[in-house]
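Note that the structure is a prediction, hence the values are computed from the model and not measured. A, B, ... follow the sequence lines: proteins, then strands. Residue 1 opens every chain.
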Amino acid sequence: MPATPRRGRSLVTVSSVSQLSGAPILRKEDAALLSGRGRYADDLPVPAGTLHAHVIRSPHAHADIASIDASRALAQPGVWAVVTGADVKALSDPFLIALKAPVHQWSLAVERVRYVGEPVALVVADSRYVAEDAAELVRIEYAERPAVVDPLKARKSTAPLLHADTKSNEISVRQFSYGDTGAAFAAADARVRMVTDYPRLSFTPMECYVVVAQYKPTDGSYDVLANFQGPFSTHPVMAKALRVPGTKFRVRIPPDSGGSFGIKLSVFPYMVLAAIAARITGRPVKWVEDRIEHLVAASTGPNRITEIEAAITREGRILALKLDQLEDYGAYLRAPMPGPLYRMHGSVTGAYDIPNVDVTNRVVLTNKMPASLIRGFGGPQLYLAIERLVQRIACELKLDPLEIIRRNLIPTEKFPYRTAAGALYDSGDYARAIDTTVGDGRLAELKRRRDEARAAGRYYGIGFACVVEPGMSNMGYLSTLLTADARERAGPKNGAVSMATVNIDPLGAVSVTADVTVQGQGHETVLSQIVADELGLLPDDIAVTLEIDTAKDPWSIAAGTYSCRFTPGTAVAAQMAARQVRDKLAGIAAKQLNTLPDDIEFAGGAVRSRRNPDNAMPFGRVAGTAHWSPVMLPEGMAPSLRETGVWSPQELEPPTSDDRINTSLTYGFVFDMCGVEIDPSTYQVRVDRYVSMHDAGRILNPLIADGQIYGAFAQGIAAALYEEFVSDDNGNFLAGTFADYLVPTVSEIPKVELLHQETPSPLTPLGAKGLAEGNCMSVPACVANAVADALDVKDISLPITPRRIHALLEGAERPPPATAAARAPELAPAKDGRNLRGQGSFEIAASPAEVWRALLDPERLKTTIPGCHELQQTGAHDYRAQVSLGVGPVRGKFDATVSLSDLVEEQSGRIGGGLTGPLGEASGSGTLRLTPTETGTRLDYDYAVTIGGKVAAVGGRMLDGAAAIIIRQFFERLSRGLNPQVAAPGEAGPRVWLRALRAKLGGRP
Amino acid sequence: MRRVDRSQRATISITLNGRQVSAEAEPRMLLSDFLRHSLGATGTHVGCEHGVCGCCTVLIDGAAVRSCLTLAVQAEGKAVTTVESLAGADGRLNALQQAFKNNHALQCGFCTPGILMSFTDFLGRNPTPSEAEIVEVLSGHLCRCTGYAGIVAAVLEVSGSKDNAEKRSV
């Protein structure tokens, strides 16, 4: 059931409020978006002559690219180019990364592929349909290498190295120590230790990546339109890769974007790829990602294994913490990784007053999709560890978890509070927030429900989670990754510069631009509220344009929409810009109204004297003066009415020499409480009640703030219970469709009760903090705690699926009956299995000799193999064929090789072979035995096949069925070819009779 | 039914939001691509191309369909209704659209056109649905921004079922 909006909210019409900021004003964005008049990247016009691109991707997790033959594709009409790693290496440099390590990534794989889905070639053609057709004709030969998927295995010295020049796949290890953790552990009454494992997942925006790139040969510049979200620190990374100054890499971002949640940072390698393709073809090149590509290869949050240990007193006071965080970034480290490991560094002790903490951060590479930005960004991983640990401490001490939380919370009187690792928590009243939640959220009733459920033998648990939610990242936090010496040599990095511009035209019309990228947050509305407040106007008077053009708009490396930087950052810059322009207007008006600027106020569309409101001018006329009559301006005033506010808070200092870092500017607080019940027969978790308390300082627009919280809550539930990017042990990606990767629908999202408290930030003029990520951080931990409470278990893996709960309650699943597996040929073990095994038998009304001859006859085989177009004999019993096959949503052509061996005349044989094609690969073998029966021959067969590439990602659930169907078709065709009057088994009687009749009359069966 | 060879481009004519339009298309062209790229009706969005997400939902002869699972040729001669038809000529939002705005039922707005079209079809047949029925219809759509809360509230508001729903939940 869905959540319901906050009770008792009344919609505000703008004429009724004097202070717009803080009012639940309806969104300015909505009318266009509701009418199909959004302007998303794929809706915008492209230059005449634009070509369309299709990416060919690796079916292997780890392989050398032996050869690429694009000749057949290039011979197709309408195909302009097939760009490969060699082109990319010639025309660009590897992307810069955050640490010194020989890990080189270009926009296409160069010489080696390191994850399934890695771009290997780009086909550029007149249309997307033609490009996709031509892609099937590009022949790529790979030499496979062993892949390593598990980060714990990857860091072993025996693991295959992903990047030859690194010493280990663990490319960075940093140890930090704050306070005296050793002494605290020695003095502690007890220690509590646990390991948490946060999975890979993405929040999959509904709009995929879109890029349109142009190249201007006259000055060697690139112009790229993309639904990129920032941070703009990636702009120099792209420009450097293309070997141009930033001015020759113009990025334009469309006015609307279909969601991002961090994911649309990772469009940047494709922006460079399309730019290169535009240069090669001399034409604009457009690429629109499809959903399969997005799931397989766009982006994921990193998975993290955390060993966490607390030194505690017997009352449950935490004296010290030790964390060993191992984060898996996949095949390459992309800028600005390993951000999630360091973004929360200052807050590594969460909401608790813990003076001593040791942290070890490890960056490991594996043969999986590279990890990158995602909403929550390091928070969900950290809080799963801390909040699960707090619940464990309560279990060990047989105390109420809420009691442990309360005993360790940062006391209200300690704010502003400096954490052990250097964060400056600006404001908070955590204890009051918890008290309110316990009361208004009706904890006592929740406990009654738990008692009643347990008394009736049902599984019911209560969970809590405390989260400190950072807003606006310090751009210097990532440099904590370097040693203090290395930082000193490189120079300090810090700050976060926000910019917004207010412009007033000759008629007094006000427009605003800002350094954020639109993703649906409602920035247009909030900016218009803030600026209207300053200028005495209404939101509808303010035109906000948030498309970005790096060649024309003010931006810094901090620009973009991420890490909750809008409210503490850009919103402040907009207020500053509005005040700057207001001060100018006040000066102009004061001169004309014969008063002092201090006496001027802006209200109701007029500029007037505060003391004598009748002494007034219309807003537009004051503005017109600046445009038309510079002679009337006060002495020394510059004539322009375009002001850019630049906000750079001083609290965002560089890391200190002892590695302390204030990772963000504002720190909000979230306290979640929930009750869950687990169905004893389906093992499904049902959230019975969920209460979420937020303190994000001043709220600028409650309607929009609640919208962000509802959205983050749904994503938190998704991470807790549903979504996971699964790979098998060979690195095959197994979640390539929305049927395999479970995005919750409305039916899966429980109701949530929202509570608010406002403790304004003293560090931003608006007093507002970020709030859009908190529930992504709190919900997985809170639900996990509730499930742990319900089942009385220690180790909870996310997502908490019925299968996992079944394993917790009933032990590991028993293997299937041994008959089929035992007889099937041996295969390398695969955990979740895109290894297919099967067996069966089939009766044919022909003698073993006839069947045997048919099987060895190439002409017969051609008509017997389902989907076969061509069959060539390449050896005595070796064949090469072209076949068309479909599984689930995909269908494609494959090159097949078939070899027959171990042939015992008219009795048995072995069939081996493989399939390769754009949709993936399969290889395997099987045996066939012929036994004479009364009516003909019985064929018994078994097989084992390994499948990789796209077909493994999208068809997972359907592969077994598809294999069975194809094999059945083979034998049916064989049978029909041999004996047309005999029907396939299972066909109805009359049809058999009819077919036999037709055969007698000489017709086709 | 008209037969078109696979290599042949044919002129497809449909009635789009009450207006007769036509454009050339290959037989394999999806209706979603045809609407967006051949007819310039970009209000209909494509989110997954395998029929799960519901972004591309349009009405064909009044019934909601996934335009990414429909070929353009299948719509030949039929009336196709898209999100662009909902607001008045003066841009005024219809009741369903206005309810979405009132209840903050959209953020990025990418999935919204498909949801509006599904409910346009559904509310036409069932003007006063229960909350459970609304959830049932909405479960055919994915939205990643809103957590669905505002969408259910919006449909309850527009269908006049809100008062009933509130009474029920008390």
Side-chain angles (χ1 to χ4, degrees), chain A residues 1-5 11 26-27 29-40 42-43 128-129 203-208 256-261 290-292 518-522 703-704 706-715 717 737-739 743-747 749 751-752 889 954, chain B residues 26 28-29 33 36-37 41-53 55 82-87 91 93-94 96-98 100-113 116 131-132 134-136 138-153 165 169:
Chain A
M1 293 299 281
T4 46
L11 300 173
L26 297 183
R27 297 204 320 166
E29 290 89 343
D30 288 356
L33 300 180
L34 285 162
S35 309
R37 305 202 183 280
R39 286 175 298 152
Y40 302 88
D42 190 34
D43 302 342
R128 185 171 170 178
Y129 288 79
F203 295 133
T204 64
M206 295 319 301
E207 179 201 37
C208 293
D256 291 307
S257 170
S260 184
F261 322 114
D290 71 24
R291 182 55 63 185
I292 292 173
V518 173
Q519 300 158 13
Q521 285 91 343
L703 185 75
I704 288 174
D706 283 2
Q708 288 299 309
I709 294 170
Y710 286 128
F713 171 74
Q715 294 181 343
I717 289 288
T737 72
F738 277 149
V743 175
T745 71
V746 61
S747 309
I749 303 298
K751 281 186 194 286
V752 56
V954 305
Chain B
E26 288 180 51
R28 63 175 171 171
M29 182 176 249
D33 285 350
R36 292 180 49 77
H37 303 308
T42 55
T44 299
H45 297 150
V46 176
C48 75
E49 292 179 287
H50 58 280
V52 180
C53 78
C55 287
T82 66
V83 67
E84 285 95 338
S85 71
L86 299 181
L93 301 180
N94 76 9
L96 181 63
Q97 292 168 306
Q98 186 62 44
F100 268 60
K101 181 173 175 175
N102 293 347
N103 290 279
H104 193 21
L106 67 155
Q107 289 181 23
C108 81
F110 197 81
C111 68
T112 314
L116 290 171
E131 184 167 333
I134 292 168
V135 165
E136 176 73 21
L138 185 55
S139 70
H141 291 267
L142 297 180
C143 168
R144 298 247 62 175
C145 296
T146 63
Y148 307 102
I151 303 173
V152 175
S169 68

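Interface residue B:Cys145: backbone and side-chain heavy atoms are both found under 4.5 Å from chain A. The parts of A:Ile704 that come within reach of chain B are both its backbone and its side chain, each placing non-hydrogen atoms under 4.5 angstrom from that chain. For B:Leu116, the part sitting under 4.5 Å from any heavy atom of chain A is the side chain, from C-beta outward, and nothing else. For a residue to count as touching a neighbouring chain, one of its non-hydrogen atoms must lie under 4.5 Å from one of that chain's; by this rule A:Asp43 touches chain B with backbone and side chain alike. Contacts of B:Thr146 with chain A are made by backbone atoms alone, with heavy-atom separations under 4.5 Å and no side-chain atom involved. Of the two parts of B:Asp33, only the side chain, counted from C-beta on, holds a non-hydrogen atom closer than 4.5 Å to a non-hydrogen atom of chain A. Heavy atoms closer than 4.5 Å to chain B are found in the backbone of A:Gln519, but not in its side chain. With a threshold of 4.5 angstrom between heavy atoms, B:Leu106 approaches chain A through its backbone and through its side chain. At a 4.5 Å heavy-atom cutoff, the contact between B:Val52 and chain A is made by side-chain atoms alone. For A:Phe203, the parts sitting under 4.5 Å from any heavy atom of chain B are the backbone and the side chain alike. For A:Arg39, no part lies near chain B; criterion is any non-hydrogen pair under 4.5 Å.
For chain B, the option among A:Val743, A:Leu34, A:Leu33 with the highest count of heavy-atom pairs below 4.5 Å is A:Leu34. The most heavy-atom pairs under 4.5 Å with chain A, out of B:Gly51, B:Gly91, B:Cys108, come from B:Cys108. Annotation: maximal heavy-atom pairing with chain B below 4.5 Å, among A:Pro744, A:Pro205, A:Gly38, A:Ala712, occurs at A:Pro744. Highest contact tally toward chain A, considering only B:Gly109, B:Gly43, B:Cys111, is held by B:Gly109 [criterion: heavy-atom pairs under 4.5 Å]. Comparing A:Ile709, A:Asp42, A:Asp256 by heavy-atom pairs within less than 4.5 Å of chain B, the highest count is held by A:Asp42. Contact tally against chain A (heavy-atom pairs below 4.5 Å) for B:His37, B:Gln97, B:Glu136: the top residue is B:Gln97. Put simply, of A:Asp290, A:Thr204, A:Val518, A:Ile717, the one with the most heavy-atom pairs under 4.5 Å next to chain B is A:Thr204. Between chain B and the residues A:Ala714, A:Gly520, A:Ser257, the most heavy-atom pairs under 4.5 angstrom are made by A:Gly520. Between chain A and the options B:Arg36, B:Glu84, B:Glu49, B:His45, heavy-atom pairs under 4.5 Å are most frequent for B:Arg36. Between chain A and the residues B:Leu142, B:Leu86, B:Thr44, the most heavy-atom pairs under 4.5 angstrom are made by B:Leu142.
A:Ser35 contributes atom OG, which lies 9.5 Å from atom CG of A:Asp30 (distance to the nearest 0.5 angstrom). The CD atom of A:Gln715 sits 15.5 Å away from atom OH of A:Tyr710, with the distance rounded to the nearest 0.5 Å.
For the pair B:His141/B:Tyr148, no side-chain contact is recorded, criterion being any heavy-atom separation below 4.5 Å from C-beta on. Counting only heavy atoms from C-beta outward, the side chains of A:Val746 and B:Val152 approach each other to under 4.5 Å. Between B:Cys53 and A:Met206 the shortest side-chain heavy-atom distance falls below 4.5 Å. Looking only at side-chain heavy atoms (C-beta outward), A:Thr745 and B:Leu138 stay at 4.5 Å or farther from each other. Side-chain contact between B:Leu93 and B:Lys101 is present, with heavy atoms from C-beta onward closer than 4.5 Å.
Under 3.5 Å, the side chains of A:Gln708 and B:Gln107 contain a donor-acceptor pair of N or O atoms.
The two residues B:Gly147 and A:Ile749 make their nearest non-hydrogen contact at O-CG2, 3.9 Å. The minimum heavy-atom distance linking A:Arg27 with A:Gln521 is given by the pair NH1-C, 3.9 Å. Heavy-atom minimum distance, A:Tyr129 versus B:Met29: OH-CA, 3.4 Å.
A donor-acceptor pair under 3.5 Å is absent between the side-chain atoms of A:Arg291 and the main chain of A:Thr737, judged by distance alone. Side-chain N or O atoms of B:Asn103 include none that pairs as donor or acceptor with a backbone N or O of B:Ala105 at under 3.5 Å.
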